[in-house]
Amino acid sequence: MHLDPEHAMSINRRTFLHKSFAGLGGMAMASIAGRSMGAVATNEKAWPGVLDNALHHAPKAKRVIHLCMAGGPSHLESFDYKPELARMDGQQFPESFTAGQQLAQLQGKQLVARGPVTGFKQYGDSGLWVSDYFPHLGEIADDLCIIKSMTTTQINHDPAHAFMNTGSIIKGRPSMGSWLLYGLGAETENLPGYVVLISKPPGGRNPQPVSSRQWSAGFLPSKYQGVQFQSKGNAVHFIGNPEGICQSTQRQIIDEVKYLNAHKRQSTFDPELETRIAQYEMAFRMQSSVPQLTDMSGESQDTLDMYGVEQLGDGSYASNCLLARRMLEQGVRFVQLYHRGWDHHGGIKKYMEVSAKSSDQASAALIKDLKQRGMLEDTLVIWGGEFGRTPMGQGSGRDHHINAFSIALAGGGVKPGISYGKTDELGYGVVENECTVHDLHATMLHLCGIDFARFSYKFQGLDGRLTGVEHPHVVKDILS
Amino acid sequence: MSHPLAHRLTLAAAGILVIGLCDCSKKGTDIVEITGAKDGESATIVEENMPDVVTFNAHIRPIFSDTCFSCHGFDANTREANLRLDTPEGAYAALADNPNMKGIVPGDPDQSAAWQRIITDDPDDLMPPPSFHKPLSDYQKRLIGKWIEQGAQYQEHWAYIPIERPEVPKLEKHADLVRNPIDAFIFRKLEQKGVEPSPQAQPEVLRRRLWLDLTGLPPASGSTHNPSEIIAKAMASEAYGERMAVPWLDVARFADTVGYHGDQNQRIFPFRDYIIDSFNSNKPFDQFIREQLAGDLMPNATEEQHIASGFNRLNLVTREGGAQSKEYFKKYAADRVRAVGAAFLGQTTGCAECHDHKFDPISQKDFYSLAAFFDDVQQWGVYNNYVGGTKYNGNNDAYTPERIVRPDSLLERLNLLRDQALQELIGRGAATPSKEQLAQLRAFAAKHSDGWAPLMPLEVQTEKGTAHQITGHATHFTGTPNKGSQTRIELALADAHIGSLRIEALPDPKTGTVGRESGGHFTLKPKFFLQDADGKQSPIAIRWSQADLDREYGFGGGMEHGERNNLQINPKAGWQSAPKSGYEGPESLTQRTQTAVYCLKESLKLPRGSKLVVELEANTASNLRISQSPMLDPVAGEAAFTQAFRQALAKDGKSANAAWQLCATPPEQLPESYRKFLDQIRDCRSGWARTLVTVKIDKPEFPSRILPRGDWQDDSGELVEPTVLGFLPSDSLPKDRKLTRLDLANWIVAKENPLTARHIMNRLWKQFMGRGISNVLDDLGGQGEPPTHPELLDWLASEFRDSGWNMKHMVQLIVDSHTYRQASAQREDLAEIDPYNRLFAQQGARRLQAEFIRDQALAVGELLNRSYVGGPSVRIYQPENYYSNLNFPVRAYSPHMDDRQHRRSVYAHWQRTFLLPTFANFDAPARDECAADRLQANIPQQALTLLNDPVYVEASRGFAARVLQELPDANAETRIERMFELLLSRAPDSTERARILDYQAKQQANFLKGTADADAFLAVGIAKVPEGMNKVELAAWAQTARLLLNLHETITRY
């Protein structure tokens, strides 16, 4: 038996109506139907979650923001300092590391070690190493938790993104944002519960495509899909009224649709009618609130300077970070920022500088801003790509690398100012505390109050899980 | 007792609704048999709901499968304590660690170790273990106990039992309502449950239901209310195939793009034509399945069968740099195994990629043995030339192999466009030829009705001595071609203006091929000269050249107009005969005439006594015939003068003038509106299209082997032979040779296969009744759902099979039944006792699918373009910049701003990584994977789409204009009634009438205040606003139409 909880709830609503109908007589029905806002609709949470009031344990994180550095940023030029690799620069890469391992574009090529193309410094009380490309993140190193022992199984962008987002390479699986929204719902009443923003740096390397399936709800009902906010035109598809229709005229049609739908209810037992009425109201609220959200003119110049926003709403990563903070404030459960252009097969020195510059300040500003607003403690920030890059050079760049990469976490119940896991002296493989993508997902769910093993959805007869069929582990050592 | 919270969560997460169902269970519907009762209920309730006889398939298997089989099931690698509970032998056997105890002792729970572990209080012993998070409810435990008491009889899984035609039950009540055996099965169960069937729906409701279900379109105005007549008419309409194709295209994962990474365009629309045509011609469904899996292997495979085999090529493929061929071959193989399981068998075969199936008897070896059937499918692992020299010619190549075919739909479209282009010029009436000019053209047409005058060769010279001979109008070349051989042909010209020249490469009567290169190919690089009476040669300037068949260069890769770049004959290499060997087929094209046209820069008047000289810089053709035409832009391989052209030419005035214009005025000087048609005509490539097909190869690069844990880099597993699922009968298969894809296809539809007919019928039932008989559509295995009406499903399956897999027969049976015709959403009692309509005591109300919501709106707005069936995909409206995050290449989406915009939704361009928001919002799948079912969500984006997507604004205007034009003098009330009739097939009630009248008046007042608003509102979309209409009135009525298009009833079929 496979029921959409949404449907289930609407049945309950209908049953409730029937009961009150019987109790109060036709008058009650008429008055409910006659109101411009259906009474049933307004009393409900816009985004209920199946785990509402039933979390597996007390959550540390109430919302999550994933700063996805799409293309695979180099761990060797960000957080994983490898002086031995610098020493070996230009020498043949030891075969003991690479024999029998999967390579991407370096297949069949001679493998030569490439030292980090930038310097590293230790920052703050924690003494975390951060490369010179990321001075702003360096400044807040004491708030960061760096995992240096990430691994993935997918060496190409498309499947690697799918794996990072859904825990599976089979298409049609829900993304982690959809899972969270399904489980936790969202606090917002008039915005989508899961939002996606995309940017790319000007002058960056020709970026990899990003597919909308990365924020698909997969086999979960489509209400849990991520909603992409566009950087140009209407922020959300079909959010603007048709030409020539002002907001009050639009309100008239919506009211009338709702009235007539409610009227239909008198002669029809169709539970979907209730939901439909509620969705029209929600649609109207979205039409009003999305423009308010994206109008950032009220943000102070100091704030803009902190994020490095040059022009508000220009679709830059900095502008998106600021917009994301506003969404988090309004109760959006999961925000995902894709920042494209990290696929540095060539020209890593130049392009790393471009990419890092466009990400560093705004990412750090977001964390600082959340902190100063008291939101960092229950907001989990994840910064990282779908894989890392080879310690071997590829032309003037580095190839895809799945055996080790780094990500940065902050807030949301994660220990600040620590580094977790270790790679070998060349940054090729993990030698201590491997953290798989499934481990990361399990940990994220744990921080949100969810036991991954008990969080599933029946699909094709199976208990579909974000964390797959294997048994991952929650990375306890990084929990605060 | 387990932790109550944990239990509730498991149920919630599994999507199982518990609250509210206890009511139903009291009345004894199926619900309780399927889901079990809720936790914490009293012993009385458990007992009250307990069936008298507990059976394995209906009651126990679902519980065991969900809670026991992952450790005590088919997969030996994960089997605990060596106890298996999925077979009686396993369950009744002595325990490995305690030979005195048995897992289950029939009739004796106390002696059954399994039972003791289920009821123990000791958490260390409890089964399922608490850490499994699937505690059994009291009700489930009691079921298991009672089943053991009653003898613990196992049954073979219902879906694996051979299909036998059950007896049609005899009824005590309602025999008079029975229209066919379907009703007898449904009513029988209703009798048992004490539930009454619903009466037939109101005629107007049934009329709309039938048309929407059978064609995806609303009933035509004024059409019959007689159900039998509607059924006959709807099923005979071409719209039937367009509607039936949609769910199958989900299953076949049909899309216009490759899906991975850059998600470039692939070419396969003829496959969609095939699906639509197959439903319309009622192709026997077993044949339909065979052709898709193995059309290419069928004896004397027809063109259509080759096209059908594109099914095997619809998996996602990649062009990403750095991807490894072998890895992707394995991904493609796994996709095909999943697709075969989901599309035909209703089995989740994908689960066995890394390990034996936990719930169904599918081994890992089965998975790879199924994959092995497809080892012969020619494909490239990675379609780029970055890595590994994959015999691929770079990113400019298409997704080979492809087949060059000539679909009827494209020819129809081509002819339509040529007529429309002419009509466009006739409509403008700008040309004014002299009488002599017209007379000259008519004289030519009288002599050469197809518009081509073949030219007589006078003298032929060849360098390096290529043998040649003039036969009639053709020049015949023989012998081995010499590199760089120059050929010069002098020809007599017909006495007329020349607009274009044509070269036909004819097959050599002896070799049978058009060329003298290997494979029968040719290359031609012609230059044309006019030679005057004095022998002076002057070059003829060519503006455009195109061949009906040639070797493609530069695949567009997803650029919107990328392919237009290679429509012209390759300027560097010259005209090379099709196909491109090794990349596309069929090779037999070299045995048919291939034709090129060379369009002159401007119409050329001939000085007296002049001749045509054709110099061929390269010539490896066999047999050439050259013709001239006054037409400036003829279509290669087609008549230069179409029938419409000849008729126009014969008719004085604007018609003849326009015909003359096509011969006199180069397109640059013709209006833009004409040139748009010309572009589209050229895009049709003379009606030839390339389509992905299956081509068989003998030696796969990476033959299937068992991949330990699914790891593609691990070659330690054994190589496997193609084998069908081992646990199912396969008596009809040959035993003495290696099996082929055709054997697989034959087995899927073989009489002994218990799954296919059940699976197809279960899906068909859901299509018309809203729920499956087994409601997990893609899994008829152990984790699926036992059917609510097993006998009905078996009856449908056997009827389907015994009728020769006659799909129309089955559709007809279902929609003709009383069960189908019942009223929906009218009974309060059913909302209580059977909210999910599992008893089918009523018809299920259902939201229309994405495509049909749009089609319906366009239809009532009289915008729907149904001028031909099938054809290339069309680009409908989509928000700007929607593809801005695609790359390789960067893409902009430009919607078709012509009559393609309003074609039916089944033809919309399907971009896998960015599916059209207007469809995605209504739950259309991306078609990355085989999708046997669509979810139905009810989300705010649907409201936003219906309110604001330009197509619905435009359709509202069309709908309003239609009604205003039909009823120019009627009052508002009459118009509202008309709108209701057209859209909802019913009259408004008094409340609706009053409210809408009021609303309409309000809109009129709004627009009167700001007429600029009316102008802006009416300007949405490309459809023309009818002239002479009061804009304020039209806008106000369009707002009214928009209101109606947004009603829940509009997008629901009751």
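Treat the numbers as computed from the prediction; the structure is a model and nothing was measured. Proteins get letters first, then strands, A, B, ... in listed order; numbering begins at 1 in each.
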Practice problem: Can you tell which part of B/Thr945 gets under 4.5 Å to a heavy atom of chain A, answering side chain, backbone, both or neither? | Solution: both

Quiz item: For A/Ile239, is it the side chain, the backbone, both, or neither that has a heavy atom closer than 4.5 Å to a heavy atom of chain B?
Solution: both

Quiz item: What do the steps show when you test B/Asp360 against B/Gln783 for side chain to side chain contact (heavy atoms under 4.5 Å, CB included), and what is the final call?
Solution: CA-CA 8 Å; B/Asp360 298 317; B/Gln783 285 291 95; 5.8 Å; no

Quiz prompt | A/His157, part contacting chain B, at a heavy-atom distance under 4.5 Å | solution = both

Self-check item: Per-residue contact mode, B/Asp998 against chain A (heavy atom under 4.5 angstrom)
Solution: neither

Quiz item: Where does A/Leu220 contact chain B at under 4.5 Å (heavy atoms): side chain, backbone, both or neither?
Solution: backbone

Quiz item: Checking heavy atoms, do the side chain of B/Gln1039, its backbone, both or neither come under 4.5 Å from chain A?
Solution: both

Self-check item: Exercise: identify the closest heavy-atom pair between B/Leu946 and B/Leu1045
Solution: CD1-O, 4.2 Å

Quiz item: Side chain, backbone, both or neither: which part of B/Glu992 has an atom under 4.5 Å from a heavy atom of chain A?
Solution: both

Quiz item: Side chain, backbone, both or neither: which part of B/Leu316 has a heavy atom under 4.5 Å from chain A?
Solution: side chain

Quiz item: Given that the side chain runs from C-beta out, which part of A/Pro207 has a heavy atom under 4.5 Å from chain B: side chain, backbone, both or neither?
Solution: both

Quiz item: Between the main-chain N or O of B/Arg847 and the side-chain N or O of B/Gln936, is there a donor-acceptor pair closer than 3.5 Å?
Solution: yes

Practice problem: Would you mind checking which part of B/Asp335 comes under 4.5 Å of any heavy atom in chain A, side chain (CB onward), backbone (N, CA, C, O), both or neither? | Solution: neither

Quiz item: Under a 4.5 Å heavy-atom cut-off, does chain A meet the side chain of B/Cys354, its backbone, both or neither?
Solution: neither

Quiz prompt | B/Ala931 backbone acceptor or donor facing B/Arg253 side chain under 3.5 Å | solution = no

Quiz item: Quick one: is the NZ or CZ of B/Arg957 closer than 6.0 Å to the six-membered ring centre of B/Phe1017, and within 45° of its axis?
Solution: no

Quiz item: For B/Asn1046, does its backbone N or O pair with a side-chain atom of A/Tyr280 as donor and acceptor, under 3.5 Å?
Solution: yes

Quiz item: Where the side chain of B/Glu320 meets the backbone of B/His261, is there a donor-acceptor pair that is under 3.5 Å apart?
Solution: no

Quiz item: For chain B, which of A/Ile253, A/Asn206, A/Asn261 has the most heavy-atom pairs under 4.5 Å?
Solution: A/Ile253

Quiz item: Does B/Asn775 offer a backbone N or O that forms a donor-acceptor pair with the side chain of B/Glu785 under 3.5 Å?
Solution: yes

Quiz item: In terms of heavy-atom proximity below 4.5 Å to chain B, should A/Gln250 be classed as side chain, backbone, both, or neither?
Solution: side chain

Quiz item: Which atoms of A/Glu256 come close to chain B, meaning under 4.5 Å heavy atom to heavy atom: side chain ones, backbone ones, both, or neither?
Solution: both

Quiz item: What residue in A/Gln287, A/His345, A/Gln214, A/Gln230 has the most heavy-atom pairs under 4.5 Å with chain B?
Solution: A/Gln287

Quiz item: Tell me, side chain or backbone of A/Asp451 under 4.5 Å from chain B's heavy atoms, or both, or neither?
Solution: side chain

Exercise. Go through the atoms of A/Gln154 and report whether side chain, backbone, both or neither lie under 4.5 Å from a heavy atom of chain B.
Key: side chain

Self-check item: Side-chain donor or acceptor of B/Asp711 paired with backbone N/O of B/Gln713 under 3.5 Å
Solution: yes

Practice problem: Report yes or no: do A/Ser216 and A/Gln225 form a side-chain donor-acceptor pair below 3.5 Å? | Solution: no

Quiz item: Within 45° of the six-membered ring axis of A/Tyr259 and under 6.0 Å from that ring's centre, is NZ or CZ of B/Arg995 located there?
Solution: yes

Practice problem: Establish, yes or no, whether the cationic atom of B/Lys331 lies under 6.0 Å from the six-membered ring centre of B/Tyr328 and within 45° of the ring axis. | Solution: yes

Quiz item: For the candidates B/Asn881, B/Val1020, B/Leu947, B/Ile996, which exhibits the highest count of non-hydrogen atom pairs separated by less than 4.5 Å from chain A?
Solution: B/Leu947

Practice problem: Side chain from CB out, backbone as N, CA, C, O: work out which of these in B/Tyr1054 comes under 4.5 Å of a heavy atom of chain A, or both, or neither. | Solution: side chain

Exercise. Name the option with the most non-hydrogen atom pairs under 4.5 Å to chain A; the candidates are B/Asp66, B/Leu915, B/Thr318.
Key: B/Asp66

Quiz item: Where does A/Ser267 contact chain B at under 4.5 Å (heavy atoms): side chain, backbone, both or neither?
Solution: backbone

Quiz item: Can A/Arg251 and A/Asp255 be counted as an ion pair, charged N to O under 4.0 angstrom?
Solution: yes

Quiz item: Measuring heavy-atom distances to chain A, does B/Ser884 have an atom under 4.5 Å in its side chain, in its backbone, in both, or in neither?
Solution: backbone

Quiz item: What part of A/Ile198 is in contact with chain B, defined as an atom under 4.5 angstrom from a non-hydrogen atom: side chain, backbone, both or neither?
Solution: side chain

Quiz item: So, does A/Asp343 use its side chain to make a donor-acceptor pair with the main chain of A/Arg205 at under 3.5 Å?
Solution: no

Self-check item: Note: A/Asp158-A/Arg213 ion pair, threshold 4.0 Å (strictly below)
Solution: yes

Quiz prompt | Residue part contacting chain A, namely of B/Phe132, when any heavy atom lies under 4.5 Å | solution = neither

Quiz item: What residue, out of B/Leu1043, B/Asp779, B/Leu1018, has the most heavy-atom pairs lying under 4.5 Å from chain A?
Solution: B/Leu1043

Exercise. Assess A/Lys171 against B/Tyr260: is NZ or CZ under 6.0 Å from the centre of the six-membered ring, and within 45 degrees of the ring's axis?
Key: no

Practice problem: Tell me, for A/Gln208 versus chain B, whether the close heavy atoms (under 4.5 Å) come from the side chain, the backbone, both or neither. | Solution: both

Practice problem: State whether B/Arg709 and B/Glu353 are salt-bridged, where the test is any N-O pair (Lys NZ or Arg NE/NH1/NH2 against Asp/Glu carboxylate O) under 4.0 Å. | Solution: no

Quiz item: Between B/Leu777, B/Leu1047, B/Val953, B/Thr1040, which residue shows the highest count of heavy-atom pairs closer than 4.5 Å to chain A?
Solution: B/Leu1047

Practice problem: Give, as side chain, backbone, both or neither, the part of B/Gln941 having an atom under 4.5 angstrom from any heavy atom of chain A. | Solution: side chain

Quiz item: So which of A/His161, A/Lys264, A/Glu243, A/Gln102 has the biggest tally of heavy-atom pairs under 4.5 Å with chain B?
Solution: A/Gln102

